[in-house]
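Contents: one structure, followed by commentary.
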Amino acid sequence: MPAIPRPGSLKDPEIAELFGKEDPEKIFEDLREIGHGSFGAVYYARDNVSKEIVAIKKMSYMGKQSIEKWQDILKEIRFLRQLNHPNTVEYKGCYLRDNTAWLVMEYCLGSASDIIEVHKRPLREEEISAICEGVLRGLNYLHSLGRIHRDIKAGNILLTENGTVKLADFGSASIKCPANSFVGTPYWMAPEVILAMDEGQYDGKVDVWSLGITCIELAERKPPYFNMNAMSALYHIAQNDTPTLSAPEWTDIFKHFVQSCLQKNPSDRPTAHKLLSHSLVTRARSPHVLIDLIQRTKTAVRELDNQNYRKMKILMIDSCESESTAGDNDDETPDEQAGGDSSKSNSITSEHSIHSIGVSASSQSSSTNSLPPVTDMNHDNSSYAQSLRPRQKASSSAALIEHGANNFATIKTTTIVTKQQKEHMQEEMHEQMSGYKRMRREHQGALIKLEEKCKVEMDNHKQLLDKEYEALLQKFSKELEELQIKHQQELDRKLKQNAAAEKKLHKEISTRQEADRKAFDCQKKKEYKANKERWKQELSMDESTPKRLKDAALQTQKENLKQMEAQEEQRLVQGQKEYLELEMRKFRRKKLLAFQLLEQELLKDELNKRQTQLEQAHSILLRHHEKTKELEYRQQKAVHQLREEQVQRQHSTELQNQHAYLQRCKRELRKKHAMEVKQQPKSLKQKEMQIRKQFRETCKIQTRQYKALKAELLSTRPKEEHKIVIKKLKEEQRRKLALLADQYEQSIAEMLQKQSIRLDESQELEGHHLQERLHYELEILMAYQSKNKMQTEAQRNRERKELEDRVTVRRDLLEQKMQQETEQVVQERSERIRLLRERQQREMEQFDDESARMGLSALAIADSTSECYPDDDSLSGSMLSLARP
Ligand code: ADP
Ligand code: MG
């Protein structure tokens, strides 16, 4: 993250590039305040070279939150300088001086809000249509660039001399869409901006909503809920039904337009582009509506100024006439119609005049107190006095020129006192609102940060688990591989052993048979010898047989014997061979059986291994599931806790603000009442003077009448009576005058009494009304808050339930997966067992067939076939039982 630049620093070339290097004080002359906003003042000015008239918005970044202010200033400049459209105010440049940015723009006559303030009545539908068209074109342009104005209201819709509508004040605008922060002016804010905190994001449709509210403002002079404190208004907007145009004078087309703009659900609200083809905009109207409106407004401003002048002049003459002294300069009429009693600053009337002329001590102090921290106070009075004339030309208050600056300024004084009181109140309200907005933005930021942190934590967690599981699976497959190799080796060893044992047995039997054969040979030889001896004896004893015959017989006998021996030996050898074969066969079969058993053992071993591995893997998966669940719950709890805290903090701030507002209203009322009391003697004095004047007039008339009467009487009466008549007349006159004097005193006393009674009563009533209104507002606010609290709580519960459901579903899925895996392993197991069994059976059959072909009785060889093949079910059964968790 790049370091946050120091306010006013031009080190960053991108920032330096935004500002002109010249001293703006040297470029612009005749500066006059024409508007006042959250940052400071907006001035009318003239470029001393090109003589072009411009507007300059001076924005200070000193004091509290200066970093934030500087960022906002940069944002507004960057935003404005990228715009180029007939319906957005034109950017002309920017300068820095005395910790203040001078944003130079094309000059406009004033805002739509100023116009309704001057006329003190709503605009005509045709005029509203024309303004809407301009606003929609401007909005359509902004929205097509993916931007949002976020502060559409009459005060930010300006008009030029030729009647063009210009969107101004991009201090709240968003360069990105969708956006999600709490920005704008409360009464004009769309519900989704107010709810942005919980619900997330909004888009250009918020401007369409604000345009709808602006239509109501232009049609009814104030936006809905304007008599309420902003805190309550926010809740009303978010939670109430949408406001409508009520008066019957408006056409259905206009009502429909407003209703479309004020759809609470943004997706039901048409876009600016779509609204450009609404009948309100497209239907025929005079092309001069706005020019005419401007002309009328200019005339009205002139008339108002003239009126005020005349009023003041009469009073001044009056006060001069009534023998008052120099102190009477501060006599002021509580003027309610000077065009300045609105709670918003009226940029068409001159505001700075108060600074140029001596004002009464009381109003002077109150005006300086109420001034915002950065204003035009650095200008000296003379420059102000000088600057008045061109300023009046600029605002078309030509009448003022005739009367001169001094008179004008004097007239303005009382107006500005009340106006600045209100402005002061606004200043405080503004501070409060910007603090509240900041808090809500901070809340949003903190929440986003926490959510991001949770996401990172969750990603890491999942990665860790995945890694662990992956490693486990790898370990398992390696183990299995090793086991298989070991098994193979065991089988090989067994085969070798078998071969060796077979060989050994073969040798054993062969050796034994050889010995047998030798013994047989020996035996035969012995037998042969014995036979030969026996035959010799038998022959020698037989004397009768000739020797030749004897020899022949002996020979034959020998041969017979040899033949018999040979036969016997052959039989022996044959017998031995068969025996050897049988034994070997038997041995091999036994070994084959044993080998097969071993194979079965090993397969069982391997399958069991796989089974335990699967079980281990599953227990890990379950543990992972539990761990993830734990983390999810923990994270959700943290987010919920933060949100709950934020809602609490928000509510308590709202209540605090509401209480401050309450105190402020009461204070203002007290101040107003004090002022009334203070003004009472003044106004009484005036009334007294009036009565005195009347009295004097009456005296004069009476005197005249008496004179006439005297003349008449004197002319008709004889001279000697004259003295008496004169005396009588004088007495009567004196009596009548005394009566008049009496009446005068009485009427003064009556008036005084009436006045004070009325004041007390009305003040009391006013206080009572205020109290009631504030009480009601506070109650409503609290009701909204508790509703809001319930809603947010319900939302948290809903989310909790959703998470629970999600976890359950995941657990079910996991179990399903584990079940599938288990089933798969079981199936694999029985399959492998089946294959082995079939192969082994085949091997055995082959073996037995071979034996049969060799003529060996299967029965003789196989003595324990039944135990060779364990029951399938017992094998797979035991495996199955293992497979089940
Ligand atoms: P803020 O952000 O304080 O509301 P704005 O930009 O709206 O500041 O300016 C405040 C007032 O100054 C406007 O309501 C308007 O009366 C006046 N103003 C602003 N810009 C111009 C301009 N270009 N020409 C004439 N008056 C302007
Ligand atoms: Mg503004």
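The analysis underlying the following values was restricted to heavy atoms, covering all of them including side chains, and did not include hydrogens, waters or symmetry mates. Every number for a ligand or one of its atoms is a count from 1 in the order of the listing. Since this is a predicted model, take the numbers as computed values, not measurements.
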Presence of salt bridge, Arg81 and Glu17, under 4.0 angstrom: yes
Ligand 1 to Asp169 polar contact by distance, N or O atoms, under 3.5 Å: yes
Lys222 and Glu117 ion-paired at < 4.0 Å: yes
Non-hydrogen side-chain atoms of Thr653 and Gln650 separated by less than 4.5 Å: no
Location of contacts on Val42 toward ligand 1, heavy atoms closer than 4.0 Å: side chain
Close N or O approach (Glu106, ligand 1; < 3.5 Å): yes
Check: Lys153/Thr185 side-chain N/O donor and acceptor closer than 3.5 Å: yes
Salt bridge (Lys or Arg N to Asp or Glu O under 4.0 Å): pairs with one or both residues in residues 167-185, sequence neighbours excluded: Lys57-Asp169
Gly155 touching ligand 1 at heavy-atom level, < 4.0 angstrom: yes
Element-labelled atoms of ligand 1 that are located less than 4.0 Å from some non-hydrogen atom of Ala55: 22 (C), 23 (N), 24 (N)
Cationic N near anionic O, under 4.0 Å, Arg285 to Glu125: no
Part of Leu158 within contact of ligand 1 (heavy atoms, under 4.0 Å): side chain
Salt bridge present between Glu161 and Lys298 (N-O < 4.0 angstrom): yes
Part of Cys108 within contact of ligand 1 (heavy atoms, under 4.0 Å): both
Pair Glu192 + Lys205, salt bridge at N-O below 4.0 Å: no
Ile34 neighbourhood, listing ligand 1 atoms whose heavy-atom distance to it stays under 4.0 Å: 25 (C), 26 (N)
Sole candidate of Phe79, Trp188, Trp209, Phe170 that passes ring-ring contact (aromatic ring centres under 6.0 Å, His included) when paired with His149: Phe170
Which segment of Asn156 sits under 4.0 Å of ligand 1 when only heavy atoms are counted: side chain
Ring pair (Phe, Tyr, Trp, His ring centres under 6.0 Å) between Phe182 and Tyr436, intermediate numbers included: CA-CA 9 Å; Phe182 183 72; Tyr436 179 71; 5.6 Å; yes
Residue among Phe28, Tyr43, Tyr44 satisfying ring-ring contact (aromatic ring centres under 6.0 Å, His included) with Tyr107: Tyr44
Distance below 2.8 Å from the Mg ion (ligand 2): protein N/O/S atoms: Asn156 OD1, Asp169 OD2
Backbone or side-chain N or O of Val89 under 3.5 Å from ligand 1 N or O: no
